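Data first, discussion second: the structure below is written as structure tokens.
All of these numbers come straight from a predicted model, not from anything done at the bench. In each ligand, atom 1 is the first atom listed, and ligand 1 is the first ligand listed.
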Amino acid sequence: MDGLRNSEYRHLEVNRIAGSLGAEVSGVDLSQDLPEAVLSEIRKALLDNLVIFFRDQRLTPPTQLAFARRWGEIHLHPYMAGMDDYPEVLEIRKTPADKKNFGGSWHSDQAFTAKPAMGTILYGVEIPSAGGDTLWTNQYLAYETLSPGMRRMLDGLKGVYRGDNFSSHDGKTRREYYADKISMKVIDPGDTQTISTHPLVRTHPETGRKALFVGGHLHRFEDMTEAESRPLIDFLMQHATRPEFTCRFRWRSGSLAFWDNRCTMHFAINDYPAETRIMHRVTICGDTPF
Ligand code: SIN
């Protein structure tokens, strides 16, 4: 680093916020049509830090979507209704009337689809005076810190990921679980595939590094029962979310987080019962995990 500016970047300033992942990026206005040179530095910052944060942005749903489209096709959430005028933007809203929050368990977005999300771009609209932070965890480290024997065993496993009925839903369907507890609109996924089988250890298509692919959507291992799978899933979840693998972000209105779902999990903390939190989320389609 020379002063505050990391010399690897010509257009951006990138400052890490924790030891294992996460960096704050400044020097860029995301509402603009950014040149390729700036985008490629943002990509480098994302690949190096897994989740990157931008402060003091002024985005509307169309400008957030325009930025997101530079990274790939936009994914529509099969269970949650998007905004009336912008179906590709999911408004994550929690008011004092809501008991549950959306995203309040460790997960990687759309792990249950055939091609789980590459990245998610989340913009803070209304933020509680205290609380409502989000946590992320580094799944490269989760994999690399396991013993060689455990890594060898996991390398051969596949997981079955389900969009509904996941463990933090107390065995209920998503609609039953959220009924009367959340004001966001839960929809029927129709014919969309919401159960998928993927390698438990996936290789990141851009960095070539291996990452553990667990989370709340992981229901069981292929060719095993749920009861047989549960103890190992519980161990892996506990390991994958060790505090030293995580970072925590304090939101402000106008903050934006962009994370890589191929090597992280995240968790939205529900600790602001008397306040409102509103976020705009756009998710970018990914590839078939290998
Ligand atoms: C999510 O995408 O899971 C929600 C994250 C958040 O609201 O902080």
Which protein non-hydrogen atom lies closest to [atom], naming both residue and atom, and how far is it?
atom: atom 8 (O) of ligand 1; value: T134 OG1, 2.6 Å
atom: atom 2 (O) of ligand 1; value: R281 NH1, 2.7 Å
atom: atom 7 (O) of ligand 1; value: R277 NH1, 2.8 Å
atom: atom 4 (C) of ligand 1; value: I92 CD1, 3.8 Å

Can a salt bridge be assigned to the pair [X] and [Y] using a cut-off of 4.0 Å between side-chain N and carboxylate O?
X: R70; Y: D33; value: yes
X: E91; Y: K185; value: no
X: R10; Y: E41; value: no

Taking 4.0 angstrom as the limit and counting only heavy atoms of [X], give me the atoms of ligand 1 inside it, by number and element.
X: A268; answer: 5 (C), 6 (C), 7 (O), 8 (O)
X: G103; answer: 3 (O)
X: H107; answer: 3 (O)

Open item on the list: Walk me through whether E73 and K115 qualify under salt bridge (Lys or Arg N to Asp or Glu O under 4.0 Å).
Closed with: CA-CA 12 Å; E73 270 178 63; K115 294 184 176 183; over 6 Å; no

Open item on the list: Take a 6.0 Å sphere around CZ of R220 and say whether it holds more than 12 heavy atoms from other residues, nucleotides or ligands.
Closed with: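 Yes, because the 6.0 Å sphere around CZ of R220 holds more than 12 heavy atoms from other groups.
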
TODO: For ligand 1, find out whether one of its N or O atoms is nearer than 3.5 Å to an N or O atom of W251.
DONE: no

- [ ] Of all the heavy-atom pairs spanning H217 and S108, show the shortest one and how long it is.
- [x]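 Closest approach of H217 to S108, heavy atoms only: CD2-O, 3.8 Å.
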
Task: For ligand 1, the portion of L122 having any non-hydrogen atom under 4.0 Å away - done: side chain

Open item on the list: Using the ring centroid of each side chain, check whether W136 and F53 are separated by less than 6.0 Å.
Closed with: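 Distance test on ring centres: under 6.0 Å, yes.
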
